[in-house]
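Letters A, B, ... are given to chains in the order of the sequence lines, protein chains preceding strands, and every chain is numbered from 1.
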Amino acid sequence: KQEVTQIPAALSVPEGENLVLNCSFTDSAIYNLQWFRQDPGKGLTSLLLIQSSQREQTSGRLNASLDKSSGRSTLYIAASQPGDSATYLCAPRLNKLSFGAGTTVTVRA
Amino acid sequence: GAGVSQSPSNKVTEKGKDVELRCDPISGHTALYWYRQRLGQGLEFLIYFQGNSAPDKSGLPSDRFSAERTGESVSTLTIQRTQQEDSAVYLCASSSQGAHSGELFFGEGSRLTVL
């Protein structure tokens with residue numbers, strides 16, 4: 001069974017700081033890994049999808065890296081804004097997505 | 001449709017009643033997943049459909065839970081004889097590609113409260 005750990009569990013930063021969110025997983029034989037954000041009371045919004053053959057993926061201020069062999073992925077958010085406040089979830093895929101508990105981010109104005 | 005659509009968005013029921021939750025995937029998406037999220041907890045996999053293949057039911061917590069999908073269209077998740085521990089948000093997701101490669105898109109969820 002895939003175990004997914006996200007560190008830190010919570011993070012509070014002033015606006016403008018860069019964010020670093022860490023994800024580790026136990027089974028490295030994944031096909032891909034997806035990062036999501038979840039706002040309170042809402043569903044999940046896909047942020048980035050990294051295929052197992054890729055090392056990183058970028059979208060705007062977001063950059064995700066993947067080190068499949070060591071079972072790690074990192075999500076970087078540059079120049080954080082209050083609108084980035086949400087819970088961020090990492091989901092590596094074997095035959096299905098497994099989710100970590102998430103990192104709850106608060107960006108203070 | 002433009003996204004994954006789930007209904008009802010909220011459902012309050014009495015213990016022992018049956019409930020049906022519906023998911024309309026993005027048109028053309030062959031893969032469909034159901035997940036459950038209890039308050040303050042992570043997502044739990046329930047069931048996965050891929051085209052006409054036999055579904056992966058390995059996450060269903062008990063025989064009170066069942067799900068159906070006809071072809072590549074709507075799916076319904078049924079919970080019989082609901083219990084208070086069934087209270088959760090039930091999330092549906094769909095993907096345009098096969099089991100292993102496609103990006104998943106989630107609906108807003110159906111919030112179930114069992115009194």
Side-chain angles (χ1 to χ4, degrees), chain A residues 1-10 21 23-54 57-59 62 64 66 68 73 86-104, chain B residues 2-10 21 23-26 29 31-50 53-60 67 88-113:
Chain A
K1 180 185 174 185
Q2 179 77 281
E3 301 290 340
V4 184
T5 303
Q6 291 190 243
I7 295 173
L21 310 180
C23 170
S24 62
F25 45 94
T26 54
D27 190 335
S28 62
I30 62 171
Y31 293 97
N32 58 44
L33 184 144
Q34 203 164 344
W35 281 93
F36 296 88
R37 69 173 279 168
Q38 186 173 33
D39 295 282
K42 300 289 188 180
L44 278 66
T45 300
S46 178
L47 297 174
L48 290 166
L49 171 69
I50 312 176
Q51 300 295 345
S52 61
S53 58
Q54 296 178 309
Q57 190 69 254
T58 298
S59 176
L62 306 180
L66 174 63
K68 181 181 167 184
S73 179
T87 296
Y88 292 81
L89 298 166
C90 160
R93 176 184 287 177
L94 293 170
N95 57 345
K96 56 184 179 284
L97 289 182
S98 298
F99 284 85
T103 295
T104 299
Chain B
V4 178
S5 177
Q6 292 188 244
S7 62
S9 55
N10 281 286
L21 307 176
C23 173
D24 275 284
I26 294 171
H29 279 197
L32 186 147
Y33 297 76
W34 284 98
Y35 284 83
R36 177 172 72 177
Q37 187 174 32
R38 290 181 165 135
L39 185 64
Q41 298 189 20
L43 275 76
E44 302 172 70
F45 167 76
L46 296 177
I47 189 169
Y48 161 62
F49 296 91
Q50 173 58 48
S53 302
D56 176 354
K57 304 180 180 180
S58 60
L60 294 179
V89 176
Y90 290 82
L91 292 161
C92 175
S94 70
S95 170
S96 64
Q97 295 175 311
H100 307 309
S101 57
E103 185 175 8
L104 256 64
F105 297 92
F106 278 81
E108 291 291 311
S110 291
R111 181 177 300 277
L112 175 65
T113 303

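For A/Ile30, no part sits under 4.5 Å from any heavy atom of chain B, backbone or side chain. For B/Leu91, the part sitting under 4.5 Å from any heavy atom of chain A is the side chain, from C-beta outward, and nothing else. For B/Ser9, no part lies near chain A; criterion is any non-hydrogen pair under 4.5 Å. No part of B/Gln6 comes within reach of chain A, as not one of its non-hydrogen atoms sits under 4.5 angstrom from that chain.
A/Lys96 and B/Ser58 make their closest contact through NZ-OG, 4.1 Å (heavy atoms, listed as atom of the first residue, atom of the second, distance). Residues B/Leu104 and A/Ser46 approach most closely at O-CB, 3.9 Å, considering heavy atoms. Of all the heavy atoms in A/Gly43 and B/Glu108, the pair that sits closest is N-OE1, 3.6 Å.
Under the side-chain contact (heavy atoms from CB on, under 4.5 Å) test applied with A/Leu97, the options B/Tyr33, B/Tyr48, B/Tyr35 reduce to a single match, B/Tyr35.
In this structure, the side chain of B/Arg111 does not engage the main chain of A/Gly41 through any donor-acceptor pair within 3.5 Å.
Counting heavy atoms of neighbouring residues, nucleotides and ligands inside a 6.0 Å radius, atom CZ of A/Arg37 exceeds 12 of them.
In this structure, CZ on A/Phe99 lies 11.0 Å from CZ on B/Phe45, to the nearest 0.5 angstrom. Put simply, CG on B/Leu43 and CG on A/Leu44 are 5.5 Å apart, with the number rounded to the nearest 0.5 Å. One distance of note links CD of B/Glu103 with CD of A/Gln34; it measures 5.0 Å at 0.5 Å rounding.
Contact tally against chain B (heavy-atom pairs below 4.5 Å) for A/Leu49, A/Thr45, A/Leu48: the top residue is A/Leu49.
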